[in-house]
Amino acid sequence: MKKILLKNATIINEGTRTEADLLIDGNRISKIGKDLSDPAAEVIDIKGKYLLPGIIDDQVHFREPGLTHKGDIATESKAAVAGGITTYMEQPNTQPQTTTIDLLEKKFGLASGRSYANYSFLFGGTNDNLEELKRLDKNACSGVKLFLGSSTGNMLVDNEEVIEKIFRNTEMVISAHCEDESTIRRNLEIYTAKFGDEIPVKYHPVIRSEEACYLSSSRAIALAKSTGARLHVFHLSTGKETGLFRNDIPLQEKKITAEVCIHHLWFTDADYDSRGTLIKWNPAVKTSRDRDQLWDALLDDRIDIVATDHAPHTLEEKKNPYTKAPSGGPLVQHALPAMVQKSREGKISLEQIVQKMCHNPAILFQLKERGYIREGFFADLVVVDPEKSWRVEPGNLYYKCGWSPFEGVQFDSSVTHTFVNGSLVYNEGQFSEERPGQRLTFNR
């Protein structure tokens, strides 16, 4: 079994910074301490660099099966490890949709031996698969996904009786996309009557409005409270919604939790003029006030997790008129660099980034032996050079779709090394031939 000794690391973990060495033995962290040595180990000196637990992204769309012209498990997991993401949870709106146990297991088969990063998948709830969901073992996958507002694909769950039965009939985390469909349709009719297909994209947050988000998320939360379900609200985009969540108890005790995505922390509606449909997401990027309030809620622990909602489309697709341009964009390669950039600006500490992107996803989804730098845990690790700046350009993108909403942005820090299960999969722009990603296991 291969050993790797990381020397002179600044370890960011569990709220502290520690100067130490770390020994990887096989796929595990063997020792953490001062002045470690092992004659059998390959030594990598990372003096002056930060060593973080690998990032855990609880929401990605890797487009396989069925939509692989946009991305696939191999290409997008490769981009993910280049961005320090060592674990991801992929969404069910592929073709076919992951709405049966058989299709779920087939998706695990697609990832086995092909994924650079560790993986699990969410099981899609629909208006008519409740009995299948009841049969799903709570340890089979990371959780259940409900689209309570339509998004890419056709998985809208709009039968109130079915939604309540799903909430009552699973112990798993229910992750929900919350936008009220009737509000969106009403708004879209108004703007389509005015502009036809060529609606200026600046109206996207008016069509997919604050009201649409709040109506849906508040209803879902009320239902979770009445049924006792374990609800996780994906990609908050409004300041108003942050008032629905609490920060007076530890995450382990919360029954209702929230996530915010990189794009809602970075962009505002002022960016539509320059970025157009490249920053068209569902839910929409909204005002600078919304962004500020999302940051406030993230920092005071009403929001528990930072994720990407990585959802690639081809540039050709994105350049369609508003009504035909799909929502979503690629983000896994740039999420951690973007957050470290905000740390450099004094917005958030590295310790808080690790809490929100490593520890908290592991706690929330009850991942087994991941999300922390601890002896005996899997060696999922990322090294960040705080002084190695770079500019996002088409030539340094690893996404299959070949574009990024961050093109032209200068980051002052870089991911230099990423380890997945002890394997150095990304090293200064080079990728290993190994695909060491493993199926996630859980403490449930």
Side-chain angles (χ1 to χ4, degrees), residues 58-59 89 91-92 99 122-127 129-134 136-151 155-183 210-261 282-283 294 297-298 300-307 309 356 360-367 442 444:
D58 77 342
Q59 188 186 181
M89 302 176 199
Q91 304 303 300
T99 55
L122 276 76
F123 181 89
T126 71
N127 284 328
N129 73 341
L130 177 64
E131 292 307 312
E132 188 79 351
L133 193 152
K134 286 180 181 178
L136 182 65
D137 186 279
K138 66 181 179 180
N139 290 298
C141 64
S142 47
V144 174
K145 172 71 176 283
L146 296 182
F147 286 93
L148 302 180
S150 66
S151 192
M155 293 190 65
L156 175 65
V157 187
D158 57 1
N159 184 317
E160 297 293 334
E161 186 180 337
V162 168
I163 294 169
E164 180 171 350
K165 285 180 178 177
I166 290 172
F167 273 55
R168 290 190 185 280
N169 282 281
T170 181
E171 298 175 58
M172 300 177 82
V173 176
I174 299 169
S175 296
H177 177 133
C178 293
E179 290 183 284
D180 181 64
E181 187 66 15
S182 61
T183 300
E210 175 192 82
E211 178 193 17
C213 295
Y214 187 81
L215 269 174
S216 182
S217 55
S218 58
R219 278 190 205 130
I221 288 166
L223 185 58
K225 287 178 178 177
S226 69
T227 59
R230 177 67 188 83
L231 176 67
H232 183 49
V233 180
F234 271 163
H235 44 46
L236 292 191
S237 65
T238 74
K240 187 175 182 180
E241 288 171 286
T242 64
L244 296 168
F245 300 89
R246 60 192 296 188
N247 60 1
D248 59 333
I249 56 173
L251 175 57
Q252 291 92 326
E253 297 175 21
K254 289 185 181 184
K255 294 280 281 184
I256 298 165
T257 51
E259 168 210 275
V260 66
C261 290
N282 298 342
L294 290 168
L298 178 68
D300 74 12
D301 294 333
R302 282 172 291 154
I303 295 177
D304 306 287
I305 283 177
V306 176
D309 193 15
K356 301 295 184 177
N360 283 2
I363 294 167
L364 197 155
F365 290 94
Q366 297 172 279
L367 303 190
F442 305 93
R444 295 173 178 165

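These figures come from a predicted structure and were not determined experimentally.
The backbone N or O of A212 sits nowhere less than 3.5 Å from a side-chain atom of T183 that would complete a donor-acceptor pair. Using a distance-only test at 3.5 Å, with no hydrogens or angles considered, a donor-acceptor pair links the side chain of D300 to the main chain of R302. S216 places no side-chain N or O within 3.5 Å of a backbone atom of C213 that could act as its donor or acceptor partner. The backbone N or O of M89 lies less than 3.5 Å from a partner atom in the side chain of Q91, making a donor-acceptor pair.
Listed by first then second residue, pairs satisfying salt bridge (Lys or Arg N to Asp or Glu O under 4.0 Å) with a partner in residues 241-252 read R246-D248, not counting sequence neighbours. A salt bridge (Lys or Arg N to Asp or Glu O under 4.0 Å) check over residues 215-236, counting only residues at least two apart or in different chains, returns the pairs D180-R219.
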Verdict with supporting geometry, L136 and T170, side chain to side chain contact (heavy atoms under 4.5 Å, CB included): CA-CA 9 Å; L136 182 65; T170 181; over 6 Å; no
Going through the checks in order, is the side chain to side chain contact (heavy atoms under 4.5 Å, CB included) test met by Y214 and L244? CA-CA 9 Å; Y214 187 81; L244 296 168; 3.6 Å; yes
Derivation of the side chain to side chain contact (heavy atoms under 4.5 Å, CB included) call for C141 and L122: CA-CA 6 Å; C141 64; L122 276 76; 6.0 Å; no
Take K134 and E131 through the side chain to side chain contact (heavy atoms under 4.5 Å, CB included) test and state the conclusion after the steps. CA-CA 5 Å; K134 286 180 181 178; E131 292 307 312; 3.3 Å; yes
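To the nearest 0.5 angstrom, M172 atom CE is 7.0 Å from F442 atom CZ. Here L364 contributes atom CG and T257 contributes atom OG1; the two are 4.0 Å apart, rounded to the nearest 0.5 Å. Note that the OG atom of S175 and the NZ atom of K145 stand 7.5 Å from one another [nearest 0.5 Å]. The CD1 atom of I174 sits 6.5 Å away from atom CG of L231, with the distance rounded to the nearest 0.5 Å. One distance of note links OG of S217 with CG of L236; it measures 7.0 Å at 0.5 Å rounding. Distance check: F245 CZ to D304 CG gives 8.5 Å after rounding to the nearest 0.5 Å.
Applying the 6.0 Å contact sphere to CD of E161 captures no more than 12 heavy atoms from other residues, nucleotides or ligands.
Checked against ring pair (Phe, Tyr, Trp, His ring centres under 6.0 Å), H235 has the following partners two or more places apart in sequence or in another chain: H177.
Residue E210 comes nearest to T238 through the heavy atom pair CA-CG2, 3.9 Å, listed as atom of the first residue, atom of the second, then distance. Between K165 and L130 the shortest heavy-atom distance is CB-CD2, 3.6 Å. C261 and Q59 get closest at one heavy-atom pair: SG-NE2, 4.0 Å. The two residues F147 and P92 come nearest to each other via the heavy atoms CE1-CG, 4.5 Å. Taking each heavy atom of G125 and L146 in turn, the nearest pair found is CA-CD2, 3.7 Å. Scanning all heavy atoms of the two residues, the minimum distance from G124 to N129 falls at O-ND2, 2.9 Å.
Between T227 and E164 the shortest side-chain heavy-atom distance falls below 4.5 Å. Between K254 and I249, the closest side-chain pair of non-hydrogen atoms falls below 4.5 Å. With contacts defined as side-chain heavy-atom distances shorter than 4.5 Å, the pair L156/E181 qualifies. Contact check for D58 versus E259: side-chain heavy atoms found under the 4.5 Å cut-off.
The pair D137-R444 does not meet the salt-bridge criterion, since no charged nitrogen lies less than 4.0 angstrom from a carboxylate oxygen.
Among I305, I303, D309, the single residue meeting the side-chain contact (heavy atoms from CB on, under 4.5 Å) criterion with V260 is I303. Here the rule is side-chain contact (heavy atoms from CB on, under 4.5 Å) with F167, and of V162, L223, V144 only L223 fits it.
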